[in-house]
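Beneath this line is the structure, given in structure tokens, with notes to follow.
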Amino acid sequence: MLLSQNAFIVRPLNLFLMVCISLVFGISHDLPDYTSESCTFKISLRNFRSILSWELKNHSIVATHYTLLYTIMSKPEDLKMVKNCANTTRSFCDLTDEWRSTHEAYVTVLNGFSGNTTLFSCSHNFWLDIDMSFEPPEFEIVGFTNHINVIVKFPSIVEEESQFDLSLVIEEQSEGIVKKHKPAIKGNMSGNFTYIIDKLIPNTNYCVSVYFEHNDEQAVIKSPLKCTLLQPGQESEFS
């Protein structure tokens, strides 16, 4: 997906807005850090939920709570506070219901506090189609005499906005040989999906990993391997 060529960095605006918000809420400051360098951010698609997580580079700073704000770069709007991530003690925020477009750039501001004192403020700009990492789905495997059932677990309902252009990959490994399976999934990725890896050799150990591929430039996040030894007497009907 292509981003607008009109996108640009607006850090001076971020700083101005952060100061205004702090004055409105009457928050005291002890020389807080307003640079984006004090935090590391990560946006991930986890079980088809957009999860923003953060970590402080200076581990000597201990915040009691955080507040997350954002605005859309293409719209002349003030920063908006994320209600479910206001005064939160968690170091992550679910933005699925807030960030609904992969075509927009989101300007994000994170404030960290200790009581009523601001310890730091970080800013970062996100383009979902570029910055999003895709965590692997949950899955189970069931081994039989000469085939394996791979049950991939998707949420029962997936919002259309969360449907990125993803390819599901089921990776089969045995005795140093790796084979990739890319099942064609009709419609959206919702509800459990079963894929059968057949024509396997009995009395052989097979391992399976499941993950998403988005494009050739992004690194994939593979699930841990799940293994099974195919033994005689593990017969089952194909589904």
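These numbers come from the heavy atoms of this one structure, side chains and all, not from hydrogens, waters or symmetry mates.
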Value for CD (Glu171) from CD1 (Ile197), rounded to nearest 0.5 Å, stands at 10.0 Å
Is there a donor-acceptor pair closer than 3.5 Å between any side-chain N or O of Ser209 and the backbone N or O of Ser223? yes
How long is the span from the CD1 atom in Ile61 to the CZ atom in Phe120, to the nearest 0.5 Å? 7.0 Å
Report the distance from atom OG of Ser91 to atom OH of Tyr66, rounding to the nearest 0.5 Å. 6.0 Å
Determine whether a donor-acceptor pair (N or O, by modelled atom type, separation under 3.5 Å) exists between the side chain of Thr204 and the backbone of Pro202. yes
For the backbone of Arg49 and the side chain of Asn47, can you confirm whether one donor and one acceptor N or O come within less than 3.5 Å of each other? no
CD1 (Ile201) with more than 12 external heavy atoms under 6.0 Å: no
Would you call Leu52 and Ser50 a side-chain contact if the rule is heavy atoms closer than 4.5 Å? no
Under 3.5 Å, is there a donor-acceptor pair linking the side chains of Glu172 and Tyr206? no
Would you say Leu200 and Val208 are hydrophobically clustered, going by side-chain heavy atoms of ILVMFWY under 4.5 Å? yes
Spatial distance of atom NZ (Lys182) from atom OG (Ser167) [nearest 0.5 Å]: 6.0 Å
Strictly distance-based, threshold 3.5 Å: is any side-chain N or O of Thr67 a donor or acceptor partner for the main-chain N or O of Asn87? yes
For the residue pair His65 and Phe113, categorise the inter-ring angle as parallel (less than 30°), tilted (30 to 60°) or perpendicular (more than 60°). parallel
Heavy-atom donor-acceptor pair, Thr71 side chain to Val107 backbone, under 3.5 Å: no
Can you find a pair of side-chain heavy atoms, one from Cys93 and one from Val82, that are under 4.5 Å apart? yes
Is a side-chain N or O of Thr64 found less than 3.5 angstrom from the main chain of Gly115, in a donor-acceptor match? yes
Walk me through whether His124 and Phe126 qualify under ring-ring contact (aromatic ring centres under 6.0 Å, His included). CA-CA 7 Å; His124 193 81; Phe126 288 97; 4.5 Å; yes
Among Trp127, Trp99, Phe41, ring-ring contact (aromatic ring centres under 6.0 Å, His included) partner for Tyr106: Trp99
Lys226 side-chain N/O to Phe139 backbone N/O, donor-acceptor pair under 3.5 Å: yes
With side chains defined as the heavy atoms from C-beta onward, is the minimum distance between Leu168 and Val210 less than 4.5 Å? yes
Is any side-chain heavy atom of His214 closer than 4.5 Å to a side-chain heavy atom of Met132? no
Distance col, row Arg46:CZ vs Asp94:CG, nearest 0.5 angstrom, shows 9.0 Å
For the residue pair Leu230 and Ile148, establish whether any side-chain heavy-atom pair is separated by less than 4.5 Å. yes
Do Thr96 and Phe48 have side chains that approach each other closer than 4.5 Å (heavy atoms only, starting at C-beta)? no
Euclidean distance, Asn111 CG relative to Met81 CE, rounded to 0.5 Å: 8.5 Å
Answer yes if Ile43 and Phe212 sit in the same cluster of Ile, Leu, Val, Met, Phe, Trp and Tyr residues linked by side chain heavy atoms under 4.5 Å apart, and no otherwise. yes
Can you confirm whether Leu45 sits close enough to Leu166 that some side-chain heavy atom of one is under 4.5 Å from a side-chain heavy atom of the other? yes
Hey, are the side chains of Leu68 and Leu95 touching, using non-hydrogen atoms and a 4.5 Å cut-off? yes
